[in-house]
Amino acid sequence: MQTLSHAATCNDCFTSSRAAHYPNSDELGTDSGACGYGLFGATLNGGEVAAASDLYQNGIGCGACYKVRCTNSNYCSDKGTTVVITDQGMSHNTGFILSRRAIAGMAQTTDSAASLQALGIIDIEYKRVSCSYPNRNITIKIDENSNYPHYLAFVIWYQQGQRDITAVQLCETQNQACKLLDRSYGAVWTTTSPPTGLLSLRMLFSDENGYETWVVPPTNIPSNWKTGETYDTGIQVNL
């Protein structure tokens, strides 16, 4: 496993907003979110996930992590919780729609969590934080709509750090010929006539200040990639 590190944090840069919660009967997120994660998106981060409105950014915001805390002192803890953006949406001009588990993560007690859910709309504050999955490397999941060798689509799991993945390339390892992929929607990257042979992945991590870094994982994608398979890139990133 390889690790790249460089992070800057802001301890006081919370932004005020509002949040609703998913109306589903369980505590997790949705398995049909606009990021394209499927069932993985409902269970990522222990189910503490959210849909975002403006922060979705046409899919660029997928996989980003935010510290979220509610501001009602009767029910809310000071520490808040960390959620991962897995979907797009708003309800009554909210910035987030939170899973019920994320609501519980902000509450002082189980009873407080129930009270927060009963409110429907909750005043919150949030800030961008680094995503961290200590036991997981960045992983790609080949989408079921892929058609080897003519069409390749995949979603990136366990995005890490505080920067967004704004571009992805696939390169043939033998001749280093690279092809820039399209963001189909959310976190799903696609290409027709993909490169052949053993493939090297390149990801561009960008932040709001214009800093950009290309990251090349040490583990390659096999030449005979298969629909539905997941491939561990062998790298953790904290940019």
Side-chain angles (χ1 to χ4, degrees), residues 1-7 33 35-41 43-45 57-65 84-86 130-239:
M1 182 187 73
Q2 183 176 347
T3 302
L4 297 182
S5 299
H6 174 69
C35 288
Y37 293 128
L39 182 60
F40 172 79
T43 59
L44 178 62
N45 192 41
Q57 300 181 80
N58 294 318
I60 294 175
C62 289
C65 292
V84 182
I85 302 303
T86 60
S130 182
C131 294
S132 178
Y133 305 99
N135 299 316
R136 298 286 187 177
N137 297 323
I138 294 176
T139 300
I140 70 165
K141 162 77 182 308
I142 307 297
D143 189 86
E144 285 75 6
N145 293 317
S146 297
N147 180 22
Y148 180 87
H150 308 292
Y151 174 73
L152 174 60
F154 61 78
V155 61
I156 298 175
W157 288 2
Y158 304 116
Q159 177 178 325
Q160 299 162 5
Q162 291 193 58
R163 297 190 192 181
D164 300 313
I165 298 176
T166 54
V168 175
Q169 288 184 336
L170 275 181
C171 303
E172 297 182 6
T173 56
Q174 286 191 336
N175 58 19
Q176 297 301 310
C178 297
K179 185 169 187 179
L180 189 65
L181 306 189
D182 298 316
R183 186 190 295 274
S184 177
Y185 70 96
V188 179
W189 298 87
T190 65
T191 182
T192 57
S193 301
T196 58
L198 199 62
L199 300 176
S200 174
L201 182 70
R202 301 180 75 227
M203 298 171 290
L204 182 64
F205 284 78
S206 308
D207 67 14
E208 60 184 9
N209 297 316
Y211 294 107
E212 297 183 330
T213 302
W214 281 100
V215 173
V216 182
T219 304
N220 296 318
I221 301 169
S223 57
N224 60 339
W225 50 265
K226 293 179 174 61
T227 298
E229 291 293 314
T230 58
Y231 298 108
D232 187 326
T233 66
I235 195 170
Q236 294 185 10
V237 175
N238 189 20
L239 294 170

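- With values rounded to the nearest 0.5 angstrom, Thr191 atom OG1 is found 6.5 Å from Asp182 atom CG.
- Note: Gln159 CD to Ile138 CD1 = 7.5 Å, rounded to the nearest 0.5 Å.
- The distance from atom CG of Leu201 to atom CD1 of Ile140, rounded to the nearest 0.5 Å, is 6.0 Å.
- With hydrogens and angles left out, the side-chain atoms of Ser130 and Asn238 include a donor and acceptor closer than 3.5 Å.
- Using a 4.5 Å cut-off on side-chain heavy atoms (C-beta onward), Leu44 and Thr86 make contact.
- Residues Ser184 and Thr190 come closest through the heavy atom pair CB-CG2, 3.5 Å.
- Contacts classified as ring-ring contact (aromatic ring centres under 6.0 Å, His included) and involving residues 161-193 (residues at least two apart or in different chains) are not found.
- Between the side chains of Thr166 and Ser206, at least one donor-acceptor pair of N or O atoms lies under 3.5 Å.
- Leu170 and Pro195 make their closest contact through O-CG, 3.7 Å (heavy atoms, listed as atom of the first residue, atom of the second, distance).
- To the nearest 0.5 Å, atoms CG (Leu152) and NZ (Lys179) are separated by 10.0 Å.
- With hydrogens and angles ignored, the 3.5 Å screen pairs a side-chain donor or acceptor of Arg183 with a backbone N or O of Gly59.
- Within the 4.5 Å cutoff, the side chain of Ile165 has no heavy atoms near those of the Ile60 side chain.
- Within the 4.5 Å cutoff, no side-chain heavy atoms of Asp232 are placed close to those of Thr219.
- Applying the 6.0 Å contact sphere to CD of Glu144 captures more than 12 heavy atoms from other residues, nucleotides or ligands.
- By the 4.5 Å heavy-atom criterion applied to side chains, Cys62 and Gln57 are not counted as neighbours.
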*asked:* Between Leu204 and Arg202, is the side chain to side chain contact (heavy atoms under 4.5 Å, CB included) condition met? List the steps.
replied: CA-CA 7 Å; Leu204 182 64; Arg202 301 180 75 227; over 6 Å; no

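- The backbone N or O of Tyr211 sits nowhere less than 3.5 Å from a side-chain atom of Asn209 that would complete a donor-acceptor pair.
- Contacts classified as ring-ring contact (aromatic ring centres under 6.0 Å, His included) and involving residues 130-156 (residues at least two apart or in different chains) are given here: Tyr133-Tyr158, Tyr148-Trp225.
- When all heavy atoms of Ile156 and Met203 are compared, the closest pair comes out as CD1-SD, 4.1 Å.
- At a threshold of 4.5 Å between non-hydrogen side-chain atoms, the residues Thr213 and Arg163 count as touching.
- You'll find the ring centres of Trp157 and Tyr37 outside the 6.0 Å limit.
- Between atom CZ of residue Phe205 and atom CG of residue Leu239 there is a gap of 6.5 Å, rounded to the nearest 0.5 Å.
- Distance SG/Cys65 to CG/Asn45: 6.5 Å, rounded to 0.5 Å.
- No side-chain donor-acceptor contact under 3.5 Å links Lys141 and Thr230.
- Val216 places none of its side-chain heavy atoms less than 4.5 Å from the side chain of Ile235.
- Minimum heavy-atom separation, Ser146 to Ile142: OG-CG2, 3.5 Å.
- Applying the side chain to side chain contact (heavy atoms under 4.5 Å, CB included) criterion to Thr173, with sequence neighbours excluded, gives Leu198, Ser200, Asn220.
- Annotation for Gln176: atom CD counts as buried by contact number, over 12 foreign heavy atoms lying within 6.0 Å.
- Counting only distance, with no hydrogens or angles, the side chain of Gln236 and the backbone of Pro134 share a donor-acceptor pair below 3.5 Å.
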